[in-house]
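The chain is numbered in sequence order, starting from 1. Both counts, for ligands and for their atoms, begin at 1 and track the order of listing.
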Amino acid sequence: MNPLALTRQHRELHCEQVALTAIAQAYGTPTYVYSRAAIEAAFASFASAAAGRGVLLCFAMKANSNLAILDLLARQGAGFDIVSGGELERVLAIGGNPARVVFSGVGKTHAEIRRALELGVKCFNVESSAELDRIDAIARSLGRRAPISIRVNPDVDAGTHPYISTGLRENKFGIAHDHARAVYAHAATLEGIEIVGIDCHIGSQIVETAPFLDALHRVLNLADALEADGIALRHLDLGGGLGIRYDTETPPDRGAFLTQLLDRVDQWRAVKPQRAGVEVIFEFGRALVAEAGLLLTRVEYLKDNGARHFAVVDAAMNDLMRPALYEAWHPVQTVIERTDRPPQLLDVVGPVCESGDWLARGRTLAVAEGDLLAIGCAGAYGMTMASNYNSRPRPAEILIDGAHMHVARPRESVQALFATEQTLPLI
Ligand code: LLP
């Protein structure tokens, strides 16, 4: 966790200046808690290294799409990487500029493409020839030209979890590197298409710089080949994917990471005058918000089945899906340190009727029934992946700003879960 977001003061965990116990008291549990300062600091760590270097930092909002957070990042100068029409509407809802939006995703629908064209997004990151033809047809029907990049699959191994690795040939993402040149050549013949860039994204939670440099190398080679084919690019989109420290990972320093990539781009830019203005886009999600958020939960029961000890908490896999889906490790701390009982080895599990419903396994914690726990590094892919499984309303989201608790989203009500459902009328 970012120390701006979480510190222990007098045995008690605080987010910025607010005690987590006060948040639980005011808004209940489970609750997502985010720190404004930590989000802004994360953005600034990239932005300061990118300043004056022809970079647009887009936030991949799939990591956390709460409007309060999007608004904070937009005010800092972020653009957005979106993957659905729903995410596009979120940009509009905060008064964001579609001209700073890149539209990624492997399955864009007709309606999504049309809406994005009408609003004037910066670029469609195209993932297949079929999608290219669809975008061309829709653009022509609107009397427009659609700005596109081809997402190339550079076939590099990002060394991350197989579910979140996307840059290998076997993945469904992008267009194979050796096929991309032909797709660009085809794109250049389409009246409704304007080629503006090249795009790649090799995976997520990558904690080494080398795979990014490999991918960049391959992207630049392709850009050279396209240049030889008479296709000039206006931007290089290098995707997102930079990882964070959940446990013992040691991701590179953000500024140093960005500088290394941008230095390589500068070498390439320096070769020909027409490359000087080529912009670099990044689509970071996790690295901007993960360490700024936590999930606050309360221990309902302590349970001992002989072989294992459990803390059954009021958060579950529906609230934070990462452990169940990826066996992801999140740090867990007791909100108030206890000295009146010994720590014990236990699993932190939720109330959902599935063995996969665990949040942390094999942790050593001194806890009692009723205690609060903070599940750290939950600001990315936490709430955005939450569901209503077991008819559980999704958590509240509280954005901490200094000493102020801002309700970024109130807890969902049970009634809201089925408000639009209808029983079959009796005949
Ligand atoms: N751009 C594209 C095209 C993407 O597919 C992704 C993430 C990103 C950017 C942002 O990646 P980031 O900087 O956040 O690593 N739910 C998983 C992560 C899935 C990532 C999917 N794509 C998790 O909880 O670990």
Side-chain angles (χ1 to χ4, degrees), residues 32 39 42-43 45-46 56-65 69 73 78-84 87 101-108 122-128 131 149-154 158-168 171-175 197-208 211-212 215 219 236-247 249 251-252 254 257-258 261 281-293 295 317 319-330 359 375-387:
Y32 276 102
I39 293 167
F43 187 81
S45 67
F46 289 110
L56 175 64
L57 293 169
C58 288
F59 173 51
M61 75 161 79
K62 62 167 80 70
N64 191 323
S65 56
I69 287 174
L73 289 167
F80 295 104
D81 169 58
I82 61 163
V83 289
S84 71
E87 290 191 346
V101 168
V102 294
F103 194 168
S104 301
V106 73
K108 302 176 192 77
K122 183 179 178 74
C123 188
F124 290 87
N125 291 337
V126 174
E127 301 234 11
S128 64
E131 182 192 336
S149 281
I150 301 292
R151 174 169 175 185
V152 299
N153 187 334
T160 186
H161 189 285
Y163 280 17
I164 52 178
S165 176
T166 53
L168 282 171
N171 294 127
K172 70 177 176 184
F173 298 103
I175 291 176
I198 187 167
D199 169 49
C200 80
H201 171 80
I202 55 172
S204 196
Q205 184 53 14
I206 303 165
V207 290
E208 307 285 336
F212 290 97
V219 163
L236 312 170
D237 182 337
L238 303 180
L242 185 62
I244 63 138
R245 182 186 188 112
Y246 286 97
D247 183 10
E249 303 92 330
R254 279 142 194 196
F257 166 81
L258 220 59
L261 291 180
I281 299 176
F282 290 99
E283 306 167 352
F284 297 118
R286 185 191 320 266
L288 292 171
V289 289
E291 292 173 276
L295 178 60
M317 64 187 288
D319 304 305
L320 179 63
M321 203 183 179
R322 303 192 69 256
L325 195 55
Y326 318 113
E327 303 199 339
W329 193 99
H330 284 262
L359 297 168
I375 302 176
C377 299
Y381 306 108
M383 186 63 170
T384 48
M385 292 176 73
S387 79

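Heavy-atom proximity to atom 2 (C) of ligand 1, evaluated over R151, R286, E283, E127, is greatest for E283. The residue among M61, M321, K62, M385 with a heavy atom at the shortest distance from atom 6 (C) of ligand 1 is K62.
For ligand 1, the polar-atom distance check finds an N/O of G241 within less than 3.5 Å of one of the ligand's N/O atoms. Of the polar atoms of G285, at least one N or O is found under 3.5 Å from an N or O of ligand 1, judged by distance alone.
Ring-plane geometry between F80 and F59 is classed as perpendicular, the angle between the planes exceeding 60 degrees on a 0 to 90 degree scale with a lower cut at 30.
Under a 4.0 Å criterion applied to the non-hydrogen atoms of F284, ligand 1 contributes the atoms 13 (O). Set against the non-hydrogen atoms of A60, the atoms of ligand 1 under 4.0 Å away are 8 (C), 9 (C), 10 (C).
In this structure, G239 falls outside the shell of residues with a heavy atom less than 4.0 angstrom from ligand 1.
Side-chain atoms of L258 and F284, non-hydrogen and from C-beta on, do get closer than 4.5 Å to each other. Looking at L238 and F212, their side chains never come closer than 4.5 Å, going by heavy atoms from C-beta outward.
Not less than 6.0 angstrom separates the ring centroid of F282 from the ring centroid of F46.
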Item checked: salt bridge (charged side-chain N to carboxylate O under 4.0 Å, His left out) between D237 and R151, intermediate numbers included -> CA-CA 9 Å; D237 182 337; R151 174 169 175 185; over 6 Å; no
